[in-house]
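Throughout, numbering of the chain's residues begins at 1 and tracks the sequence. Ligands are counted one by one from 1 in listed order, and the atoms in each one are counted from 1 as well.
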Amino acid sequence: MNPSSSDATSWTPGRPLRVALLGCGVVGTEVARLLTRDADELAQRVGAPMELVGIAVRRLGRDRDLDVPDELFTTDAAGLVSRGDIDVVIEVIGGIDLARDLILSALEHGASVVTANKALLAEDGATLFEAAHKAERDLYFEAAVAGAIPIVRPLRESLAGDRVQRVLGIVNGTTNFILDAMTTTGQGFSEALDEAQRLGYAEADPTADIEGFDAASKAAILAGLAFHTRVTIGDVHREGITDVSAADVRSADEMGCVVKLLAICERRETPDGPAVSARVHPAMIPRSHPLASVRGAYNAVFVESEAAGELMFYGPGAGGAPTASAVLGDVVSVARNRRSDVFGPGESTHAQLEVLDMGRARTRYHVSIDVDDRAGVLASVAGAFAEYDVSIKTVRQEGSGSDAQLVIVTHEAEDAALSATVASLRGLDMVRDVTSVMRVEGGF
Ligand SMILES: NC(=O)C1=CN([C@@H]2O[C@H](COP(=O)(O)OP(=O)(O)OC[C@H]3O[C@@H](n4cnc5c(N)ncnc54)[C@H](O)[C@@H]3O)[C@@H](O)[C@H]2O)C=CC1
Ligand SMILES: N[C@@H](CC=O)C(=O)O
Ligand code: NA
């Protein structure tokens, strides 16, 4: 249906704004609860009542502990979004294909959309933004990055007049909980993961979290917003935390650091002009860095911006009610826009900077090397670093004899140069093993 012929095209005083909810799981249940519980207050804030007119679920008849009429529930999500009289569609089903189809249909049928779906935005945000632009409707997604923490709106609006240089985020609560437990208790990764699952932080299948996919989706969204460039999950270098050992955490501690899974989005000056790098990996950061104090399952995003300086956004990055808070904030915004027949910001990709591959990222490195404890070892090891122009900042020996280990921290170097150095080290006969390589971030 052409939106211009739809009831949803323009709001007329006296008519409630019609809201449809897709998905009634962890987030959807809380969204429905807040929408109905706070209907009067929300109406005041929007300037018109909002009416929840349908909730698409996979199965009817489940006890959902919600004070909404049974007849609102439907298993026909496609039918709900194509009614043609909906003002705002909230997508909290998750996944890619179905969610994309439903969002596109909602936009085509005249609704603005609020989604928490980071996976879809990072995979194919362009299709959604183009459809929203064409339909002259809003696409808002505050909940997609760091749950309740306002970070999408600050990047999209508050910092739109500034030049963001770097975004450094702890954007996955599960992995932060695990790394924090390893730091405070000395546990290994598996033990800490078991505890995270027992306490309900990690899912039964924790792959998306511990392998860094969830954080990489968020990094793609953050980089796109920060640098006005289209960035997809395929552009983000990703390493999870499964290889982080108790020894890595101890080494970090000895250096006055903690290990965190970071999403790092940077503007880089290259000989060919400004470019963007986006990566997710475990890294050591100094205990004095604000991100080091982010404990348990909390999230935080640290933004370095040319005029504003350093900003930190902190809070709960997941959970039904916190995520619903971000969703509802968006719902109020798009409902206000519908009421005034205006649109919020669309996708901003005017800069379209080159997205660098990981080999061209620059950072510092902590490298642990098991070596033979004999004359000339240090010179040979230092020679491997020099060969690839990786400058050493500190070196110390731990243990002796068959337990000798060199621990080297470098100055900033290109990732490709460090990889080549490690390959070269592995070829030296006095090097028994390069046991750990970890990047060091945050001004150490
Ligand atoms: N749970 C959290 O803390 C956060 C979740 N998100 C995002 O929010 C979205 C929803 O997440 P959750 O609520 O945690 O997931 P969930 O799995 O608890 O809920 C999704 C719901 O959608 C329903 N569903 C699946 N197919 C359907 C269909 N064809 N029609 C109607 N309903 C259908 C499922 O039955 C389920 O109840 C995801 O995109 C997720 O990435 C974002 C930030 C935090
Ligand atoms: N699984 C995520 C929550 C959703 O964004 C996390 O652990 O932070
Ligand atoms: Na958020």
Side-chain angles (χ1 to χ4, degrees), residues 20-32 54-60 62 64 66 73-81 89-103 114-123 140-156 169-179 193 196-197 199-218 221-222 225 240-241 261 263 294 296-301 313-330:
L21 177 64
L22 310 180
C24 199
V26 173
V27 179
T29 302
E30 291 307 316
V31 169
I55 305 177
V57 294
R58 193 151 40 187
R59 276 190 305 280
L60 295 175
R62 283 183 52 188
R64 290 193 162 83
L66 276 174
F73 290 97
T74 172
T75 54
D76 182 12
L80 180 59
V81 296
V89 166
I90 304 169
E91 185 278 307
V92 281
I93 285 179
I96 306 288
D97 293 333
L98 174 65
R100 176 171 41 212
D101 289 349
L102 292 171
I103 290 174
V114 173
T115 178
N117 196 331
K118 60 222 153 187
L120 174 57
L121 287 162
E123 172 97 13
Y140 275 42
F141 49 97
E142 181 58 72
V145 183
I149 304 174
I151 183 61
V152 169
R153 192 173 276 105
L155 286 172
R156 216 181 182 193
I170 293 172
V171 290
N172 183 266
T174 306
T175 46
N176 201 55
F177 178 89
I178 292 170
L179 292 172
L193 171 60
Q197 285 178 315
L199 294 173
Y201 289 109
E203 304 206 9
D205 177 2
T207 313
D209 293 319
I210 63 176
E211 297 292 358
F213 290 101
D214 176 73
S217 292
K218 294 165 180 168
I221 297 170
L222 289 171
L225 293 169
I241 63 164
L261 182 73
V294 178
Y298 275 79
N299 283 194
V301 183
F313 302 82
Y314 170 84
T323 308
S325 161
V327 169
L328 263 292
D330 281 352

Identified side-chain hydrogen bond (donor to acceptor under 3.5 Å, both in side chains) partner of D209 from the options N176, N172, T175: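 Running side-chain hydrogen bond (donor to acceptor under 3.5 Å, both in side chains) over N176, N172, T175 with D209 returns exactly one hit, N172.
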Side chain to side chain contact (heavy atoms under 4.5 Å, CB included) against A144, all qualifying residues, sequence neighbours excluded: K118, L121, F141, I221
Distance below 3.0 Å from the Na ion (ligand 3): protein N/O/S atoms: E142 O, E142 OE2, V145 O, G147 O, I149 O
Sub-4.0 Å heavy-atom environment of ligand 1, residues by chain: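 Residue list for ligand 1: G23, C24, G25, V26, V27, A56, V57, R58, V92, I93, G94, L98, A116, N117, K118, A143, A318, G319, T323.
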Report yes or no: does [X] contribute a side-chain atom to a donor-acceptor pair with the main-chain N or O of [Y] at less than 3.5 Å?
| X | Y | result |
| --- | --- | --- |
| Q197 | G200 | no |
| T29 | C24 | yes |
| T174 | Y201 | yes |
| E142 | I151 | yes |

Test item: side-chain donor near acceptor, D205 and T207, under 3.5 Å: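 Yes, T207 and D205 have a side-chain donor paired with an acceptor closer than 3.5 Å.
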Validation row: V57, R64 side chains within 4.5 angstrom (heavy atoms):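 When only atoms from C-beta onward are counted, R64 and V57 do touch, with a gap below 4.5 Å.
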Student check: side-chain heavy atoms of I103 and V89 closer than 4.5 Å: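 No; the side chains remain at least 4.5 Å from each other.
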Heavy-atom neighbours of F73 CZ exceed 12 at 6.0 Å: yes
Separation between CD1 of I210 and CD1 of I178, rounded to the nearest 0.5 Å: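 Rounded to the nearest 0.5 Å, the CD1-CD1 separation comes to 6.5 Å.
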Nearest-0.5 Å distance that lies between atom CG in L120 and atom CD1 in I93: 11.5 Å
Smallest separation among heavy atoms of L21 and A32, with atom names: CD2-CB, 3.8 Å
Sub-4.0 Å heavy-atom environment of ligand 2, residues by chain: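 Contacting ligand 2 under 4.0 Å are K118, N172, G173, T174, D209, D214, K218, A318.
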